[in-house]
Amino acid sequence: MATTSGSEPQMIPANDSVETIVVWPDLIRIASEQLFEQGWAVIANAIPPDLLRALQLELQERDGAEELYRAGIGRGSTHQVTGKVRGDRIAWLEPEWPAAAAYLALMAQLQAHLNEMGFLGLADFEAHYAIYDLGSFYRRHTDQHIEVSVLGAGRRIVSTVLYLNDAPWPSDGGGELVLYPPEQATVNICPEGGSLVVFWSDTIVHEVLPAQQTRRSIAGWMRTRGSELPV
Ligand SMILES: O=C(O)CCC(=O)C(=O)O
Ligand SMILES: [Fe+2]
């Protein structure tokens, strides 16, 4: 268990040390329990292999069509693109894209279950494909943007990341996701293809270490409903 405090990071290298579940209802239950218990969850082989393949191909296709662009930080007037903070290229998932639609449907089920368990008021899910090219990283941050409440948009409550890399991810591949859960040991997560990570958007500080090879993922956020008018 990772709930012990201490300075030794918990390493989550590959599939054998993590829960492996392809039955979606079981995945939902276990991911939700872990999230509420420790603030984060990691599930290996979280989606059916054919969906993983379809997502990989769809990302490849979108990238080939040059639809990915350099991601920025912040929202509204504070939005800026700076390679000092993050270096990934992204494309927001569209429901018309078949593989994306199948993934969004799965995440809607997880979102509904989290609402039932925790009365979280999660109203929608936004997600983007991401490619971290060689040397790209994302510095320490949390995913809940303070400025969003000023704009009246929904707040990010639950962060999700599904990795689309070909397994196995090599030990010298870099690109680990490092979580810094409050009062727990640091968690180092290898971006193994098919692994799903879920964590609280407001409290879990995290970073992506420089990728030593191309690193692919879908990052997504479950949000509360925004108000129609800016507050
Ligand atoms: O790709 C990851 O492991 C995490 C990405 C992330 O933190 C983000 O996009 O906000
Ligand atoms: Fe993040």
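Note that ligands are numbered from 1 as they come in the structure, with each ligand's atoms numbered from 1 the same way. The shown structure was predicted, so the numbers you read here are calculated from the model rather than taken from an experiment.
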Subject >> Nitrogen or oxygen of His141 less than 3.5 angstrom from that of ligand 1 >> reply: yes

Original post:
Looking at side-chain heavy atoms only, is the closest gap between Met222 and Leu120 below 4.5 Å?
Top reply: no

Original post:
Are Arg89 and Asp63 within salt-bridge range, i.e. N to O under 4.0 Å?
Top reply: yes

Original post:
Where does Glu207 meet ligand 1, judged by heavy-atom distances below 4.0 Å: at the side chain, the backbone, both, or neither?
Top reply: neither

Original post:
What protein heavy atom is closest to atom 4 (C) of ligand 1, reported as residue, atom name and distance in Å?
Top reply: Val208 CG2, 3.6 Å

Subject >> Heavy-atom check, side chain of Arg216 versus side chain of Gln56, under 4.5 Å >> reply: no

**OP:** Sequence neighbours left out, what pairs pass ring-ring contact (aromatic ring centres under 6.0 Å, His included) with at least one residue falling in residues 176-199?
**Re:** Phe199-His206

**OP:** Please identify which atoms of ligand 1 are closer than 4.0 Å to at least one heavy atom of Leu177.
**Re:** 3 (O), 4 (C)

Original post:
For ligand 1, which part of Asp143 has a heavy atom less than 4.0 Å away: the side chain, the backbone, both, or neither?
Top reply: side chain

Original post:
Hey, looking at atom 9 (O) of ligand 1, which of Phe199, Tyr138, Tyr163 has the closest heavy atom?
Top reply: Tyr138

**OP:** Please write down residue, atom name and distance for the protein heavy atom closest to atom 5 (C) of ligand 1.
**Re:** Tyr132 OH, 3.6 Å

**OP:** For atom CZ of Phe119, decide whether the heavy atoms of other residues, nucleotides or ligands shown that lie under 6.0 angstrom number more than 12.
**Re:** no

Original post:
Would the number of heavy atoms belonging to other residues, nucleotides or ligands and lying under 6.0 Å from CD of Glu66 be above 12?
Top reply: no

**OP:** Return yes or no for this condition: an N or O of His128 is under 3.5 Å from an N or O of ligand 1.
**Re:** no

Original post:
Glu61 and Trp97: side-chain donor and acceptor closer than 3.5 Å?
Top reply: no

Subject >> Side-chain heavy atoms of Val161 within contact of Ile189, under 4.5 Å >> reply: no

Original post:
Can you tell me if Asp202 uses its side chain to pair, donor with acceptor, with the backbone of Gln144 under 3.5 Å?
Top reply: no

Original post:
What protein heavy atom sits nearest atom 1 (O) of ligand 1, and how far away is it?
Top reply: Arg215 NH1, 2.9 Å

**OP:** Return the minimal non-hydrogen interatomic distance between Gly194 and Leu162, and the atom names on each side.
**Re:** O-CD1, 3.8 Å

Original post:
What protein N, O or S atoms come within a distance below 2.8 Å of the Fe ion (ligand 2), ordered by chain and number?
Top reply: His141 NE2, Asp143 OD1, His206 NE2

**OP:** Please lay out, stage by stage, how Val208 and Arg215 fare under the test side-chain contact (heavy atoms from CB on, under 4.5 Å).
**Re:** CA-CA 10 Å; Val208 177; Arg215 175 192 193 272; 3.6 Å; yes

**OP:** Any atoms of ligand 1 less than 4.0 Å from a non-hydrogen atom of Val161? List them with their elements.
**Re:** 1 (O), 2 (C), 3 (O), 4 (C)

